[in-house]
Amino acid sequence: MLNDRQLALLTRIGEGADPVTSESPELAQTARALKGRGLITMPRHDGRWQATITDDGRFYLEHGHHPDRPEPAPRKRRTGAAEPTPEAATPSPEEKPAPARPAKPARQSPAKTGPALIAEVQKAGRFLRIPDPSDAERARYRRAFDAARQCAPEGYHLKYSGRAKGDFFLGLLRVTGEDDTEWNRIRLARSRVITDVEDVVAAVTADHSAFEISDEVLPRVLSLLRLLAERALARHGEIAVSKKRRQPRPLLTVHGRTYEISFSERQKQVRYVPTQPGRRTYDWQRVNPAHRLEPSGELELTLSQGSGSGYSYRSWKKEWADTAKKPLEDQIDSVFRALKANAEAEEKARLARDAEQQRQREERERQEEERRRREAEEQEEHRRREAEQKERTRREWESAISVATIKAVDAVRVDRFGTALAQWRAAGEMRAFCAALDEAASVSDDTHEVERLREWSAWGKAEANRLDPTVAGRGLAAHNFHAEPTGDQLRPFLNGWHPQRPEKEKPPKKEEAEAKAEPAKPEPERWRNFTDERLDQGWRYGPRGRARWWRR
């Protein structure tokens, strides 16, 4: 026979919802025990094994025993025992045959006991109490628990308390933790409350100060408590008294909810008759009362419930009373109908709250998803606009570069051509001046003067040859007519655009602007604007600066 752990593991493997693999090493020993009995196999793939049920294993789950041993094995004979003789084996007429051992009832399959126990717990209001079961019944419930926890409804998990002694409790708790407080109260109350009906009655008999009743109606109150306990036990409930309270106040638990029981006795008005006529009851009394209140013997039953705390606190209270046609004993069925209706209403309200919370959660998720979608769309739109802006900027920059290139090339050509023209004119003037120097030297009689004039003439001719752009290898021939302009040559025509990148250049700082506003004067070329302070020459032949006529 399999023990509880092996049977639970075989049931789990047979259902297949939660596979048993090498990732659960704590189950390996139990799995190998089942494999040794031929109930499962453990094939390996890529170094990883997974348990698979065999036909013998399914037979065991259905019938409760191995197919090779349908009957209990005979007890082994002790070694050294004598073999019975045929005469001894044949019973005598006087001897009566031993009575046949009754066959054990077949154990129900775990595949059936699990859902059956779940249904029983749900019928009891998700909290089931079995008062002080026998050892066999307690073991049966433990086995059923092992099978039932694998098939708990979605969103719930099964727990139990009372493994070895006392009452056995089963709770179908929500995984959200909302039932943990109630389950802890039930679990811890096993040592804090009195659950035996006779003990509860004895406690109320010893002290009924919690009830507003007279001693005459106490037997009837105790009878009502027994009746309530009997009906509650039939519905998997209980009646209990807390050991922690000074006054015994019975608590009725049914359909998974706990109510406080309270009894009160109605008062009736009777005519006041003084024991001694004419004498006042108190010295300060001036007028004798006309009536006084006395117990009427009519009882009122009140059941109240409070749950939650703070803003989520909920209370429920209902009263029943004796009437002329119907005493409280005949209203017990209506009491439990009201308790059932209250439990159903609370469960319906809880489901409505859960549905509303789920709806709000889904609404928040939908709003969050909508917000993320809008942000993604805005980011995409922003990226699209940036791309369009970059493309538009690039096109504007390319257009500005195209126009600036034409203008810069033309400006470079004009500048170089003008420079060459000025140099050519200067060279011609210098040669004419040198010819005049040679002519003056030819008519001069002073040898020293002639030597000086010819030296200046030779130097002037050499300088004219150096400046003349028409001489081979000089002037415009050294420059490419189709040369691309540089960044500095493009910058004056770009209107603030950067020469290399499609972006606007930052305006220069104040110091840089001032420096650019007053650029340093370039050193004059040797052939132009020549002055000699030692000679104190205050005039120069020709126009000042470079000619500007070609820029028109």
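Fair warning: this is a prediction, and the values are worked out from it, not measured in the lab.
Paired with Glu260 under the rule salt bridge (charged side-chain N to carboxylate O under 4.0 Å, His left out), one option of Lys317, Arg245, Lys318 passes, and it is Arg245. A side chain to side chain donor-acceptor pair (under 3.5 Å) with Arg371 is found for one member of Glu368, Glu369, Gln367 and no other, namely Glu368.
Open room surrounds CD on Glu212; 12 or fewer heavy atoms of other groups in view lie less than 6.0 Å from it. Heavy-atom contacts from other residues, nucleotides or ligands closer than 6.0 Å to CZ of Arg246 number 12 or fewer. Enclosure of atom CG in Asp55 is not indicated, since only 12 or fewer non-hydrogen atoms of other residues, nucleotides or ligands lie within 6.0 angstrom.
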Practice prompt. For His208 and Ile213, run side chain to side chain contact (heavy atoms under 4.5 Å, CB included): C-alpha distance rounded to whole Å, both residues' side-chain angles, the deciding distance at 0.1 Å, then the answer.
Written response: CA-CA 8 Å; His208 59 273; Ile213 59 174; 3.9 Å; yes

Worksheet item: Do Leu251 and Ile261 pass the side chain to side chain contact (heavy atoms under 4.5 Å, CB included) test, and can you show the C-alpha distance, the side-chain angles, and the key distance before you say yes or no?
Response: CA-CA 6 Å; Leu251 301 174; Ile261 303 175; over 6 Å; no

Worksheet item: What's the verdict on side-chain hydrogen bond (donor to acceptor under 3.5 Å, both in side chains) for Gln389 and Arg392, showing C-alpha distance, side-chain angles and the deciding distance?
Response: CA-CA 5 Å; Gln389 180 64 27; Arg392 185 164 53 251; 2.3 Å; yes

Discussion item. Run Leu224 and Leu301 through side chain to side chain contact (heavy atoms under 4.5 Å, CB included) and show every step you take.
Written reply: CA-CA 10 Å; Leu224 287 170; Leu301 169 64; over 6 Å; no

Item to complete: Output, in order, the C-alpha distance, side-chain angles, deciding distance and verdict of side chain to side chain contact (heavy atoms under 4.5 Å, CB included) for Tyr259 and Asn342.
Response: CA-CA 11 Å; Tyr259 305 87; Asn342 174 57; 2.8 Å; yes

Discussion item. As a quick check of understanding, evaluate side-chain hydrogen bond (donor to acceptor under 3.5 Å, both in side chains) for Gln379 and Glu375, giving each step before the final call.
Written reply: CA-CA 6 Å; Gln379 292 177 358; Glu375 288 182 354; 5.1 Å; no

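By the 4.5 Å heavy-atom criterion applied to side chains, Arg174 and His157 are not counted as neighbours. Using a 4.5 Å heavy-atom cutoff, the side chains of Gln358 and Arg361 are in contact. At least one side-chain heavy atom of Tyr141 sits under 4.5 Å from a side-chain heavy atom of Leu117. Between Leu61 and Ile53, some side-chain heavy-atom pair lies under the 4.5 Å cut-off. Side-chain contact check for Tyr156 versus Arg126: some heavy-atom pair is nearer than 4.5 Å. No side-chain heavy atom of Lys35 sits under 4.5 Å from any side-chain heavy atom of Thr41. Looking only at side-chain heavy atoms (C-beta outward), Leu39 and Leu2 come within less than 4.5 Å of each other.
Side-chain N/O atoms of Glu386 and His382 include a donor and acceptor closer than 3.5 Å. When only modelled atom types and interatomic distance are considered, Gln247 and Ser209 share a side-chain donor-acceptor pair under 3.5 Å. Between the side chains of Arg5 and Thr30, at least one donor N or O lies within less than 3.5 Å of an accepting N or O. When only modelled atom types and interatomic distance are considered, Arg32 and Gln29 share no side-chain donor-acceptor pair under 3.5 Å. No side-chain donor-acceptor contact under 3.5 Å links Thr54 and Asp56. Glu265 and Ser214 share a side-chain donor-acceptor pair at under 3.5 Å.
The aromatic rings of Phe211 and Phe263 sit perpendicular, their planes meeting at an angle over 60°, well past the 30° parallel limit.
Taking both residues in full, the closest heavy atoms of Leu9 and Ala31 are given as CD2-N, 3.7 Å, listed atom of the first, atom of the second, then distance. Pro248 and Ala203 get closest at one heavy-atom pair: CG-O, 3.6 Å. Between Ile194 and Val200 the shortest heavy-atom distance is O-CG2, 3.5 Å. The two atoms that bring Ile40 and Ala51 nearest to each other are CD1-CB, 4.1 Å, heavy atoms only. Summarising the geometry of Glu238 relative to Leu233, their closest heavy-atom pair is CA-CD2, 4.4 Å, with the distance given to 0.1 Å. Across all their heavy atoms, Lys326 and Gln331 have their closest contact at O-NE2, 3.0 Å.
Figure legend: Arg129 and Phe168 shown without cation-pi pairing, the cationic atom not lying both under 6.0 angstrom from the six-membered ring centre and within 45 degrees of its axis.
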